[in-house]
Amino acid sequence: MSSAPLLETRGLTVRFGAVVAVNKVSVRIDRGDVVGLIGTNGAGKTTFLNMVTGYLRPTGGEILLEGRSTLGRSPRELVAHGMARSFQVPQLFPAMTVREHLLFALALADGSAGALLKPLHSAQRQARADEVLGRFGLQAIGERPVNLVPQGQRKLIDIAMALSLKPRLLLLDEPTSGVSSAEKMPLMEVVFDVIRASGVTVLFVEHDMDVVRRYVTRILAFRDGSMIADGAPGDVMRDAQVASAVLRGRAPAALAKAGAA
Amino acid sequence: MSTLLTILIDGLIYGAWLFLVAAGLTLIFGVMKVLNIAHGNLYAIGAYVAATAMGYWFADRPPSFAAFAIQLGTAVVAGTALGLALDRGVLRRLRGRDEVSLALATYALLLVLDDVIQFIWGTSAYPASAPYGLLGSSEINGLRFNNYEFVLLAAAAAVGLLLWWLLQRTRTGRCLAAIIRDPEMSGAMGIDVERLYLATFMLGAVLAALGGALTAPMIQVAPGLGAEVIVVTFAVIVIGGMGSIPGAAVGALVVGLARAATIHLFPFAEVFIVYAVMALVLAVRPEGLFPQAALRKI
Amino acid sequence: MNSLRRTDASLLGLLAVLCAAAFIAPSWLMSLLAVALAKGLVALGLLLLLRAGLVPFGHALYYCLGGYVAGLGTPWLGIRDTLLLLALASLLSGAVAFAAGFLMRRYRGIFFAMLSMALSMILYGVLLKSQSLGSSDGFTVARASFFAMQTAGVGAIRSVYLLTAVVTLLAAWGVSRYLTTAMGHVGPAIRENEVRVEYLGCSPSRVIHREYTASGALAGGAGALVAILVGQVDPGMGFWMTSGEFVFIAILAGAGGIWGSLAAAFVLEGIHALAFEYAPQYWKFVLGATLLLLIVRFPSGLSSMLANRAGARS
């Protein structure tokens, strides 16, 4: 296993006029990591994600995916190099059914002219789509137009499409936002079952500390555009700066418990 | 460099003309998100009405400065009437629709108005030369310029100032700025959005008609007047950033100078130059020179 | 799949009917049908772009190009065979569309629409000014000739009519197949959520470029067929008025797939024929008013085709 990081940013910065949304963030993510990105609203987490995934152009710094710079590369190129993402607001196709989303993603994942010129609903692809629907617990709503699907399942479809691309690096933007507290954990269980089976490296933005604690091997904490902590969950959660900036209002007992986890 | 001076003056005059027509188009788009493809027809109708009115007035009278009053008057009347008819009759039923549907509607209006013009004025040309010789001519650098052309410059400057004052210094202007940002919110805050939409469209129509009325003495007022105008005007507002009035001014100037330079130096390129400039600007700044801020989508 | 077989059968059936009609229909009807079919051919190409939310306001550019190529093929290149001229016209129009596609593929919405219009105005301007091409009068085109057999009179009309029917229905079959493929679904996906398409590893621009090129080739072929049928070309073929007819067909066709496009073309020519009877001077008015009616009265059909609905509001 090579020691080169899967993803690395060096001094990554972006400015919008006078506002520095992301300020010299340097991070290393290795293969197999499951990294949680925490911070309050406006701390720059999604902006960071948008730069790493090629949606936003940084004003300074570098991004290296498997050692190669991603600056100037389009999202499409990054996907071809093994990156995939989901979105804070699930980005779906209103007129397609749930099943069609997966068929479409599987066809595009293949990407070859042969795959693209085969009918969308080919028998072979249907079988694979059924398999994915099954793993995500979406079989029951396969034929439903995605407009009529509740938020939790929309999130799952969004993530399922990203995973269909068989990425090496998966980025999830607030996978449980907008989902009721009762559904959060079951949703993440389903997602991480698939993630563990595929061995993909994950970076996800999340506000719910329970979710973060349960799945990550590492935490990055953002505040006002800068990264203020990077390390094992216990260490980061106990860090005083992080406590005041991100974990406001948490009782010390809970923190200690988090530290011990 | 007398050629340079000529290009400069020609460019300024053509730019002034472009701004006169483009200002209304970009204003309407900025506020209503409607790309008024029928804008050229409003310009043409302005020219026809002015030409007809001047034809009547000067049938037995010698040319006089009353011509300018007629031009201004007919432009205001025609523009207001047309603006009212088109907004209330058509555009109001399409509020909130996507930009392409709105543009399609104005495209349909282009077709309709073209035949309306033909119906009313037929296919013959209407001379409107009354004011053209009024101001005499000047000689600059050995070249004669009819002073009427400088009227265009003055008109463009006046329109620019008027719009600046309107948008920056009046309450109406601030309301318009709010509507540009977010029509729904503006309505919720108590701004009479419908009335301002109507007012904006009427103002845009008046500006277009004024452009036509002022240009009438310089050209042949005949069928086909509107068609060429819309594409060039679109190029100007794209270059400047759609919805931006300062952008329209800069765009008009750039296109005006480019075209003047082409006519004097590379005449064969005249057909393409406007689009070449537009393509160049878009390649570097896809949203134009002064784009409206875009919201983050994901 | 069942519906595919049904489509194939229906197309074949329609072709049979149209061919049979060739032997009993009067020549004015064959001419009308041929023009309708040719415009249907243009509409099929436009269908691809429309599904992606793109409405080119100046597509008559390629139609006009095709007509001129077919017309010039004989005097300039000595080509008399109609099939060759058709192929040449489609190829050249397709090539121009391919070249223009590099620019057009980067734009959406009104930009795309107006750039398309600008391009057609440039061509129109060039043709209008060129004395050698007959300027505003255009020039005449030689009658159809197949494998060195020159046709004349009714035979000329009948042969072009049959050719047009075959070509159009073949194209309809091709497009219908294409629409079932994964690539055929990229267009609507682009309209609904282009960002997502990019993040699935597909280049929206490349797909649009391909579809734009194909639609240019189809329009060019249609222009050639009409030129040979009518025996005449002039710059008006590229004027925005002609584009307006195509836009009308596209809007009327809505989301109706290949049948919508074919039907809409026939409706257009029907209205055109009627207007010609009663108010030939005011065709623009009739077309524009009908288009307005469609846009105002049938928003859902249109909006579902054109509106960009990227996730945020839902």
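Chain naming here is simple, since letters A, B, ... match the order of the sequence lines and numbering starts at 1 in each.
- No more than 12 heavy atoms of other residues, nucleotides or ligands sit less than 6.0 Å from atom CZ of A/Arg15.
- Taking every heavy atom of both residues into account, C/Cys202 and A/Arg76 meet most closely at C-CD, 3.3 Å.
- One finds the CD atom of C/Glu198 at 10.5 Å from the CG atom of A/Leu78 (value rounded to the nearest 0.5 Å).
- Remark: the backbone N or O of A/Asp158 is paired with a side-chain donor or acceptor of C/Arg196 at under 3.5 angstrom.
- Because its NZ or CZ atom is both nearer than 6.0 Å to the ring centre of C/Tyr199 and within 45° of the ring axis, A/Arg85 counts as a cation-pi partner of that residue.
- The shortest heavy-atom contact between A/Val79 and C/Leu200 is CG1-C, 4.0 Å.
- Distance alone, capped at 3.5 Å, is enough to place a donor-acceptor pair between the C/Glu192 side chain and the A/Ala95 backbone.
- Within the 4.5 angstrom heavy-atom criterion, atoms from both the backbone and the side chain of A/Thr53 approach chain C.
- Heavy atoms closer than 4.5 Å to chain C are found in the side chain of A/Phe104, but not in its backbone.
- The two residues C/Asn193 and A/Leu92 have their closest heavy-atom pair at ND2-O, 3.3 Å.
- In this structure, the portion of A/Leu165 lying under 4.5 Å from any heavy atom of chain C is its side chain and not its backbone.
- Within 6.0 Å of CH2 on C/Trp173 lie no more than 12 heavy atoms contributed by other residues, nucleotides or ligands.
- Between chain A and the residues C/Val197, C/Leu179, C/Thr181, the largest count of heavy-atom pairs under 4.5 Å involves C/Thr181.
- The two residues C/Ala182 and A/Ala107 have their closest heavy-atom pair at CB-CB, 3.6 Å.
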